[in-house]
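What follows is a set of notes on a single structure, which appears directly below.
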Amino acid sequence: MKFNITGRNVTVTDGMREKIDKKLGKLSKFFTDDTICNVTLSATKQNYKVEVTIPVKDGVIRAEESSPDKYQSLDLVVDVIERQIRKYRTKMIDRYQGGTGFSEAFLEESDEEADDEEIIIEKTKHFDLKPMTPEEACLQMELVGHTFFVFENGETGKVAVVYKRKGNTYGMIEPGVD
């Protein structure tokens with residue numbers, strides 16, 4: 001496993017690099033040697049945030065955690081990544097697909113700790129899409145008290161989704177296919 005370590009508003013010291021190699025190196029048993037793990041450290045006034053992104057077949061395994069101590073943030077993000085990896089592996093095995101990027105020993109190993117949660121869709125809603133601007137969609141989302149809102153973008157005519165991000169900011173997802 002190869003690590004790309006980046007620091008934003010923080011200098012990544014050799015000691016921190018060694019700690020990242022040691023903690024995230026435990027994840028090497030799950031992946032092939034050429035798998036790339038992107039680690040980003042960032043600092044704000046009160047917190048250190050650690051983001052870890054690992055591209056895998058059909059997606060990305062990603063986690064971010066923040067705390068007042070950068071080493072504690074690293075420990076927290078490693079725990080989250082391990083849970084996501086186990087869940088992803090269970091999903092891949094259940095679907096009889098090979099998990100490209102994972103080592104064979106990891107795929108064949110039985111895992112008693114894996115979440116046996118099955119994805120169940122409990123409710124389906126149908127509604128008419130109304131053309132509106134992304135700003136109007138954000139206001140509607142706040143009014144209904146949800147963390148996301150699906151709408152027809154009046155500017156582009158495409159279906160889009162606005163969502164609430166950490167730090168009271170918003171994001172928008174639009175299809176890229178023309």
Side-chain angles (χ1 to χ4, degrees), residues 1-122 147-148 161 163-177:
M1 193 167 188
K2 299 173 186 171
F3 298 103
N4 289 337
I5 303 171
T6 308
R8 292 188 187 145
N9 300 331
V10 66
T11 304
V12 182
T13 62
D14 290 338
M16 188 61 181
R17 285 185 189 279
E18 289 175 13
K19 194 73 163 179
I20 290 170
D21 284 340
K22 181 181 176 187
K23 292 284 187 177
L24 291 174
K26 294 189 298 185
L27 303 177
S28 295
K29 65 183 178 185
F30 301 135
F31 299 97
T32 56
D33 293 335
D34 60 343
T35 302
I36 296 173
C37 176
N38 298 307
V39 180
T40 304
L41 304 168
S42 58
T44 60
K45 292 179 183 177
Q46 299 166 345
N47 285 329
Y48 289 94
K49 181 165 68 170
V50 177
E51 300 175 45
V52 177
T53 306
I54 306 169
V56 294
K57 180 182 178 183
D58 297 333
V60 171
I61 294 176
R62 182 181 182 285
E64 72 178 54
E65 290 293 329
S66 62
S67 72
D69 180 47
K70 57 186 166 187
Y71 297 106
Q72 183 182 10
S73 297
L74 181 61
D75 291 340
L76 292 170
V77 83
V78 168
D79 292 340
V80 172
I81 289 286
E82 284 179 335
R83 281 195 307 269
Q84 289 180 351
I85 289 170
R86 292 189 190 286
K87 195 171 205 173
Y88 182 80
R89 183 189 77 183
T90 303
K91 177 180 155 187
M92 294 303 290
I93 290 171
D94 287 348
R95 291 187 179 182
Y96 301 106
Q97 297 176 355
T100 304
F102 287 106
S103 67
E104 290 297 319
F106 176 63
L107 288 173
E108 293 170 1
E109 162 188 314
S110 67
D111 184 31
E112 294 79 26
E113 298 175 18
D115 294 335
D116 292 330
E117 298 176 12
E118 188 176 322
I119 297 174
I120 299 171
I121 299 173
E122 291 184 6
T147 55
F148 69 94
V161 176
Y163 59 96
K164 191 159 192 143
R165 297 173 45 99
K166 291 181 181 175
N168 283 337
T169 59
Y170 300 95
M172 185 166 81
I173 301 172
E174 277 191 311
V177 180

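Only heavy atoms go into these numbers, but all of them, side chains included; no hydrogens, no water, no symmetry mates. Along the sequence shown, the residues carry numbers beginning at 1.
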From [atom1] ([X]) to [atom2] ([Y]), nearest 0.5 Å:
| X | Y | atom1 | atom2 | answer |
| --- | --- | --- | --- | --- |
| Thr44 | Lys49 | OG1 | NZ | 8.5 Å |
| Lys2 | Phe31 | NZ | CZ | 14.5 Å |
| Ser66 | Gln72 | OG | CD | 10.0 Å |
| Ile85 | Leu27 | CD1 | CG | 4.5 Å |
| Arg86 | Phe30 | CZ | CZ | 4.5 Å |
| Leu74 | Lys22 | CG | NZ | 11.0 Å |

Considering all heavy atoms of both residues, which atom of [X] and which atom of [Y] are nearest to each other, and what is their separation?
| X | Y | answer |
| --- | --- | --- |
| Pro55 | Ile36 | CD-O, 3.2 Å |
| Val80 | Ala63 | CG1-CB, 3.5 Å |
| Met1 | Leu24 | SD-O, 4.3 Å |
| Thr6 | Val12 | C-CG2, 4.1 Å |
| Lys164 | Asn168 | CE-OD1, 3.4 Å |

Query raised in the report: Taking only residues two or more places apart in sequence or in another chain, which ones pass side chain to side chain contact (heavy atoms under 4.5 Å, CB included) with Arg62?
Result: Glu51, Thr53, Val60, Glu64
Query raised in the report: Please walk me through it: do Arg165 and Tyr170 pass side chain to side chain contact (heavy atoms under 4.5 Å, CB included)?
Result: CA-CA 5 Å; Arg165 297 173 45 99; Tyr170 300 95; 5.9 Å; no
Can you list everything that forms a side chain to side chain donor-acceptor pair (under 3.5 Å) with [X]? Sequence neighbours excluded, please.
| X | result |
| --- | --- |
| Gln84 | none |
| Asp14 | none |
| Ser67 | Ser73 |
| Asp69 | none |

Query raised in the report: Would Asp75 and Lys23 count as a salt bridge (charged side-chain N to carboxylate O under 4.0 Å, His left out) if you check the C-alpha gap in whole Å, the side-chain angles of each, and the deciding distance to 0.1 Å?
Result: CA-CA 7 Å; Asp75 291 340; Lys23 292 284 187 177; 2.9 Å; yes
Query raised in the report: Sequence neighbours excluded, which residues qualify as salt bridge (charged side-chain N to carboxylate O under 4.0 Å, His left out) partners of Lys26?
Result: none
Query - Heavy atoms of other groups near Arg8 CZ, more than 12 under 6.0 Å - result: no
**Report entry** More than 12 heavy atoms from other groups under 6.0 Å of CG on Asp33
**Finding:**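 Atom CG in Asp33 is not packed in, count stays at 12 or less.
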Requested in this report: In sequence, state the C-alpha distance, the side-chain angles, and the governing distance for Thr35 and Ile54, and then conclude on side chain to side chain contact (heavy atoms under 4.5 Å, CB included).
Outcome: CA-CA 8 Å; Thr35 302; Ile54 306 169; 3.8 Å; yes
Query raised in the report: Can you tell if the side chain of Arg17 reaches within under 4.5 Å of the side chain of Ile5, non-hydrogen atoms only?
Result: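 Side-chain contact under 4.5 Å: yes.
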Requested in this report: Measure the shortest side-chain to side-chain distance between Asp21 and Phe3 over non-hydrogen atoms and say whether it is less than 4.5 angstrom.
Outcome: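 In contact.
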Requested in this report: Carefully, step by step, assess Thr40 and Asn4 under the rule side chain to side chain contact (heavy atoms under 4.5 Å, CB included).
Outcome: CA-CA 8 Å; Thr40 304; Asn4 289 337; over 6 Å; no
**Report entry** Intermediate values then yes/no, side chain to side chain contact (heavy atoms under 4.5 Å, CB included), Tyr71 and Lys19
**Finding:** CA-CA 8 Å; Tyr71 297 106; Lys19 194 73 163 179; 3.7 Å; yes
